[in-house]
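Here's the structure, in structure tokens; my notes come after.
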Amino acid sequence: MQADANESRNAQAFQDPGEIFEIRDQQIDVEALMRTVRENVARRRAEGAYHEDLDAIADEVFKDVLTAQPLLPLPLGDGQASTLIELNARWAVREVPFRSNAPLVGPLIVAVRNFWNWMSTKWYTRALLQQQVTFNALVAQAFNENADEHQAMLEKTRQLQAICQQQLEEIALLKEAVQRLQKADPSDRD
Amino acid sequence: MPLRIHQIGSVLAAGDAVTNQIVEIDRRLARWGFASQIYGSEISAAPIATAQLDSAYLPFVDESDDVLLYHYSAYCENHALFRRSRNRKILIYHNITPAEYFRPYDRYYESLCNQGRRLLPELSTCDYAVGDSEYNRLELLQQGFAADHTGVLPLFLGVEGFDRAQHDAALLRRLKAGDTTNILFVGRVAPNKAFEDLIKVFYSYHRYVNPNSCLILAGARFLPSYNRALDELVVRLALADAIIFTDRISLRQLKTYYLAADLFLCASRHEGFCAPLLEAMYFGIPIVAHAAGAVPYTLGRAGVQFHALQYDVLAELMGLLMENQTMRRQIIATQKTRLDEYAPARVEEQLRAVLSMVGVGAPAEIDG
């Protein structure tokens, strides 16, 4: 929505009709047409026309309507929702840098430990870590997609319930109409 | 024993462009002597008496001589049949709307579109794939389909239905009463078709150029939150008396709206083909359309295309298209020329060429 609104506002900056529309038909004097369009726009603008910011009006209307009736929140229990948030935060496993709180010799310990890790295990564990991250990413994606689809189905169910309700009301009205017709004097029907 | 050619689609519904294409192809295949059969995941189109539910295709799934045309326009579980099939397989891609258009309004449609797009690369293991526009074919390439195994098969313009249908004379009289100028758009009320932009352009035209005008928006309304926003916008701009949302309509009513229209306005931000453009050409209505998605491919050199939404310029342009009869006639004439390129005989040739890519030679036409 926002991107579209920006696109529209950018469009407002165009002054030359030639940048706005295009006629590829060579039989039409496009230059003359654009000149007339330009003159008409200028004349009517001078008369006070075209002053509204239609994009801003539409954005406001759409925002109001969509805020008044937002899409359903994630249809998961509190526990499940927090697990999903946790999963999304933690799927990308990273190496934890080694730290030492020892006074004075701390930086030396860190440097020695880092060097030892680089020598002994880094190149071996990095490949494993990458596999784990790939797997975690797929799991997180699958869970998120399932949650999205679950939410979509719930939204659809809500829509279908609304349609059912509307149809039940229509059926009730039709029943009343039929009953009225049945009670009416046959001569009234002509 | 004639060669069996199966067509599988998703929901087969009256008035739906993909369903129409399936029916048009079926008619040609039957005429050419093939044993043609249509299947759908749901069937709600009365005219397709012979259509069957997709499960009826299962007995043919291992027949390597059969041909399967799979129409892909929405995520549908029957993609499993296509992937499992050992027939000679052709994918017909009608495009899937990018999911982000639905995100603010409906999570279900957003999810369907996402699933549909995600699945597309997995359908590339077919013998040949076509888009119904060059735009759609290019999308197939982006999704990993091999260029030399892709082509274009445009939609058949099924005008026989319009020719047969009797227009609604009373409705036409009402629409033309007082010499009202009618601006028309045809398409389901979906966010990718940017109905809010149609309303904004029309507002400028109606308010400053021609107050004796009406915007007819002919298409099914199926997204409650989008509908509410559009209705509210119409009220806010004080256009309630000048805009008609028809919702779902019959072919007879649609023909009447086309007959009443003075200009066809399309503001869509995404279209896979936009069949109503061809219908507007058929009815001789000048087109002003947003050059987005497949629209430039469908229009070619015809109509007027706009690249940006500058409402004053578009309103004045529409005014001039109504006034200047010479220009109007020229635009309509070029549109007719463009329409000839979609003549059924030409599309039939393209259908034959597509079938030949999987080794099927369509026999010569038998008159009658």
Side-chain angles (χ1 to χ4, degrees), chain A residues 1 3-4 7-17 19-29 33-34 36-41 44-45 47 49-50 52 54-55 57-66 68-72 145 148-157 159 162-163, chain B residues 100 103-112 114-115 118 194 196-197 199-201 203-204 207-209 222-226 228-233 235-237 269 288 291 299-317 319-320 324 326-327 330-331 333-334:
Chain A
M1 280 282 288
D4 292 334
E7 185 191 36
S8 298
R9 286 201 191 91
N10 290 340
Q12 295 294 326
F14 284 115
Q15 289 303 308
D16 186 2
E19 295 176 59
I20 313 287
F21 66 86
E22 170 184 21
I23 298 176
R24 299 181 189 170
D25 191 326
Q26 290 170 350
Q27 301 297 313
I28 292 176
D29 187 349
L33 175 66
M34 287 179 182
T36 314
V37 167
R38 213 176 287 133
E39 287 164 5
N40 287 358
V41 169
R44 270 194 249 267
R45 275 189 176 275
E47 292 166 2
Y50 302 127
E52 308 90 341
L54 291 171
D55 291 326
I57 294 170
D59 283 355
E60 188 190 326
V61 167
F62 273 61
K63 192 176 161 199
D64 287 351
V65 170
L66 295 174
Q69 197 151 24
L71 297 181
L72 292 180
E145 283 171 7
D148 282 351
E149 279 155 28
H150 188 176
Q151 185 176 3
M153 294 309 293
L154 222 70
E155 172 69 12
K156 193 70 198 167
T157 307
Q159 287 176 10
I163 292 169
Chain B
E100 57 264 27
R103 190 164 301 139
Y105 309 104
D106 192 296
R107 299 300 299 267
Y108 174 68
Y109 284 102
E110 182 198 359
S111 166
L112 273 187
N114 267 330
Q115 290 180 73
R118 271 202 297 271
E196 60 275 31
D197 292 343
I199 292 169
K200 287 182 275 184
V201 173
Y203 170 86
S204 296
R207 172 97 197 261
Y208 299 115
V209 180
F222 67 104
L223 282 178
S225 55
Y226 188 51
R228 272 195 303 277
L230 293 174
D231 291 343
E232 188 59 38
L233 181 61
V235 170
R236 182 75 68 89
L237 295 175
R269 294 172 192 170
V288 175
L299 283 180
R301 305 182 69 79
V304 180
Q305 299 185 42
F306 61 89
H307 298 277
L309 281 166
Q310 191 156 335
Y311 307 113
D312 48 6
V313 169
L314 294 174
E316 295 296 344
L317 172 71
L320 290 173
N324 186 331
T326 311
M327 182 170 65
Q330 180 57 41
I331 285 176
T334 308

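Reminder, nothing fancy here: chain letters follow the sequence lines and each chain counts from 1.
The most heavy-atom pairs under 4.5 Å with chain B, out of Glu60(A), Glu145(A), Met153(A), Gln26(A), come from Glu145(A). Per-residue counts of heavy-atom pairs under 4.5 Å with chain A were compared for Val209(B), Leu314(B), Asn324(B); the largest is that of Val209(B).
For Leu299(B), no part lies under 4.5 angstrom from a heavy atom of chain A. Interface remark: Arg301(B) contributes backbone and side-chain atoms alike to the contact with chain A (heavy atom separation under 4.5 Å). For Gln115(B), the part lying near chain A is the side chain, with the backbone staying farther off; criterion is any non-hydrogen pair under 4.5 Å. Heavy atoms of Ile199(B) lying under 4.5 Å from chain A are absent altogether.
Separation of atoms CE (Met327(B)) and CG (Leu317(B)) is listed at 6.5 Å; rounding is to 0.5 Å. Taken from CG in Asp64(A) to CG in Leu233(B), the straight-line distance is 11.5 Å, to the nearest 0.5 Å. Distance check, rounded to the nearest 0.5 Å: CZ of Arg236(B) to CD1 of Ile57(A) gives 7.5 Å.
Counting non-hydrogen atoms of other residues, nucleotides and ligands closer than 6.0 Å to CD of Glu47(A) gives a total above 12.
Between the side chains of Tyr226(B) and Asp106(B), not a single donor N or O lies within less than 3.5 Å of an accepting N or O.
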